[in-house]
Enquirer: 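Pasting in a structure now, in structure tokens, and then I'll have a few things to ask.
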Amino acid sequence: MKYIDISTSHNISIRYELATTGTRALAWGIDIFFLLVYSFIVSMVAARSQFLYYFLVVLVVAFYHLVFEIINNGQSPGKQIMGIKVVTLHGRTAKSQAYFIRWIFRMLEITGSLGIIAALYISSTEKNQRIGDLLAQTTVINLKKNQMYSLKALVSMGNKEREIKYPKVTMYSDSDMMLVKDALRRYKNDPNPENLKFVSTLSNRISSDLNTRVDKRLNVHFLETILYDYITLTR
């Protein structure tokens with residue numbers, strides 16, 4: 001599997017899985033199904049008017065992906081159903097120009113070659129990019145992968161009352177705290193140098209935001225406390 005690191009508003013890096021060729025192909029297939037159903041219905045209604053058919057079918061089919069990705073932050077209906085999204089290589093929402101570049105090259109990579117060219121590039125490039133993505137500096141990420149934790153599963157609170165040590169922790173979001181929970185889980189399951197470094201990085205980043213000092217030997221305890229405080233104050 002391939003991944004891309006995306007920074008949150010608090011400069012915490014979240015690792016997203018890149019959408020695979022198969023997932024993107026399924027999203028494309030769903031969009032094609034919607035377009036076929038739409039075209040069939042409209043063709044029956046506008047059968048006697050060539051102009052109306054052109055306006056309601058040809059133009060809609062041609063601009064379908066471009067319009068949806070612009071107005072729906074990188075997601076066509078098919079992408080939304082499959083839980084994938086177009087983003088920049090920095091993990092941000094792409095601009096209209098980027099969507100336009102992707103759309104232009106869609107005609108060559110997908111429409112003109114039945115998706116063969118796109119599939120070859122997606123499967124062979126480092127960040128799963130087709131030609132349009134390479135030129136637009138975009139890729140497609142899997143959003144569902146990062147929904148594996150429910151809010152209730154962040155920590156087990158019990159009924160015991162406790163003192164809040166870091167009230168400013170509410171500056172973070174649920175996704176930030178899920179990242180902390182995931183980092184702690186990975187470290188406890190496998191305390192290797194890479195996971196330890198990830199825990200240390202999170203601890204340093206959060207302690208800096210909260211203007212406090214943390215002994216590096218207490219990084220795990222600090223992050224656990226942050227989780228408890230966040231749940232207590234936001235639930």
Side-chain angles (χ1 to χ4, degrees), residues 1-19 72-75 80 83-95 98 126-128 137-235:
M1 293 182 183
K2 299 178 183 178
Y3 298 87
I4 185 172
D5 292 323
I6 295 177
S7 295
T8 69
S9 57
H10 296 290
N11 294 322
I12 294 176
S13 180
I14 298 179
R15 177 162 289 186
Y16 280 87
E17 180 184 329
L18 292 171
N72 201 33
N73 295 322
Q75 288 184 299
Q80 197 160 8
I84 61 178
K85 176 182 178 179
V86 179
V87 296
T88 68
L89 295 182
H90 299 292
R92 308 301 182 189
T93 298
K95 294 183 179 180
E126 181 183 359
K127 292 183 171 62
N128 289 10
Q137 293 292 290
T138 59
T139 187
V140 181
I141 60 172
N142 187 345
L143 298 174
K144 290 183 178 180
K145 190 69 175 179
N146 291 278
Q147 297 172 351
M148 59 189 297
Y149 297 108
S150 66
L151 300 181
K152 293 180 181 180
L154 281 175
V155 288
S156 177
M157 291 298 298
N159 296 319
K160 183 179 179 180
E161 294 184 1
R162 56 184 297 281
E163 179 185 357
I164 300 298
K165 293 185 178 181
Y166 304 104
K168 291 184 180 179
V169 74
T170 53
M171 68 190 294
Y172 293 104
S173 66
D174 288 340
S175 61
D176 293 332
M177 291 299 103
M178 285 189 282
L179 177 64
V180 172
K181 175 63 177 178
D182 186 40
L184 289 171
R185 178 189 61 79
R186 285 192 289 172
Y187 174 72
K188 291 179 179 179
N189 289 340
D190 185 11
N192 60 47
E194 182 180 352
N195 288 337
L196 176 61
K197 183 179 180 181
F198 189 32
V199 166
S200 298
T201 300
L202 280 176
S203 179
N204 292 338
R205 176 71 256 183
I206 294 174
S207 62
S208 176
D209 288 344
L210 300 180
N211 195 27
T212 187
R213 286 187 175 185
V214 177
D215 189 316
K216 64 180 181 180
R217 295 171 296 181
L218 300 176
N219 282 334
V220 171
H221 176 71
F222 171 69
L223 293 180
E224 289 175 338
T225 303
I226 289 297
L227 276 175
Y228 281 117
D229 286 354
Y230 181 82
I231 294 297
T232 301
L233 291 171
T234 60
R235 297 291 174 269

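Heads up: numbering here begins at 1 and tracks the sequence.
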Enquirer: Please report the shortest heavy-atom distance between Gly83 and Asn142, naming the atom on each side.
Expert: O-OD1, 3.4 Å
Enquirer: Would you give the length of the straight line joining atom CE of Met177 to atom CG of Asp182, rounded to the nearest 0.5 angstrom?
Expert: 12.5 Å
Enquirer: Restricting to non-hydrogen atoms, name the atom on Thr93 and the atom on Lys85 that form the minimum distance, rounded to 0.1 Å.
Expert: OG1-NZ, 4.0 Å
Enquirer: If we only count heavy atoms from C-beta on, is the Ile84 to Leu143 side-chain gap below 4.5 Å?
Expert: no
Enquirer: With heavy-atom distances below 4.5 Å as the criterion, would you say the side chains of Thr212 and Phe222 are in contact?
Expert: yes
Enquirer: Is it the case that the side chain of Ser203 and the backbone of Val199 share a donor-acceptor pair, with hydrogens and angles ignored and the cut-off at 3.5 Å?
Expert: no
Enquirer: Side chain of Tyr166, backbone of Tyr230: donor and acceptor closer than 3.5 Å?
Expert: no
Enquirer: Please round to the nearest 0.5 Å and tell me the distance separating atom CG of Leu210 and atom NZ of Lys165.
Expert: 13.5 Å
Enquirer: When you look at NZ of Lys197, are more than 12 heavy atoms from neighbouring residues, nucleotides or ligands closer to it than 6.0 Å?
Expert: no
Enquirer: Please round to the nearest 0.5 Å and tell me the distance separating atom CG of Leu89 and atom NZ of Lys127.
Expert: 6.0 Å
Enquirer: For a 4.5 angstrom cut-off between non-hydrogen side-chain atoms, does Phe198 reach Leu179?
Expert: yes
Enquirer: Rounded at 0.5 Å granularity, tell me how far CG in Leu196 sits from NZ in Lys216.
Expert: 9.5 Å
Enquirer: Please check if the side chain of Asn195 supplies one atom and the backbone of Asp190 the other of a donor-acceptor pair under 3.5 Å.
Expert: yes
Enquirer: Using a 3.5 Å distance criterion without hydrogens, assess whether the side chain of Asn219 forms a donor-acceptor pair with backbone atoms of Ser200.
Expert: no
Enquirer: Could you state the interatomic distance from OG1 (Thr139) to CG (Leu18), rounded to the nearest 0.5 Å?
Expert: 4.5 Å
Enquirer: Indicate yes or no for a side-chain donor-acceptor contact from Asp229 to the backbone of Ile164 under 3.5 Å, with no hydrogens or angles considered.
Expert: no
Enquirer: Any ion pair linking Arg205 and Asp209 (charged N to carboxylate O, less than 4.0 Å)?
Expert: yes
Enquirer: Could you walk me through whether Ser207 and Asn204 pass side-chain hydrogen bond (donor to acceptor under 3.5 Å, both in side chains), step by step?
Expert: CA-CA 5 Å; Ser207 62; Asn204 292 338; 4.7 Å; no
Enquirer: Hey, what do you get for NZ (Lys181) to CD (Glu224), rounding to the nearest 0.5 Å?
Expert: 8.0 Å
Enquirer: Check the surroundings of atom CG in Asn189: do more than 12 heavy atoms from other residues, nucleotides or ligands lie under 6.0 Å from it?
Expert: yes
Enquirer: Going through the distances and angles, do Leu184 and Val180 end up as a side chain to side chain contact (heavy atoms under 4.5 Å, CB included)?
Expert: CA-CA 6 Å; Leu184 289 171; Val180 172; 4.2 Å; yes
Enquirer: I'd like to check Thr88 versus Lys95 (side-chain heavy atoms, cut-off strictly below 4.5 Å). Are they in contact?
Expert: no
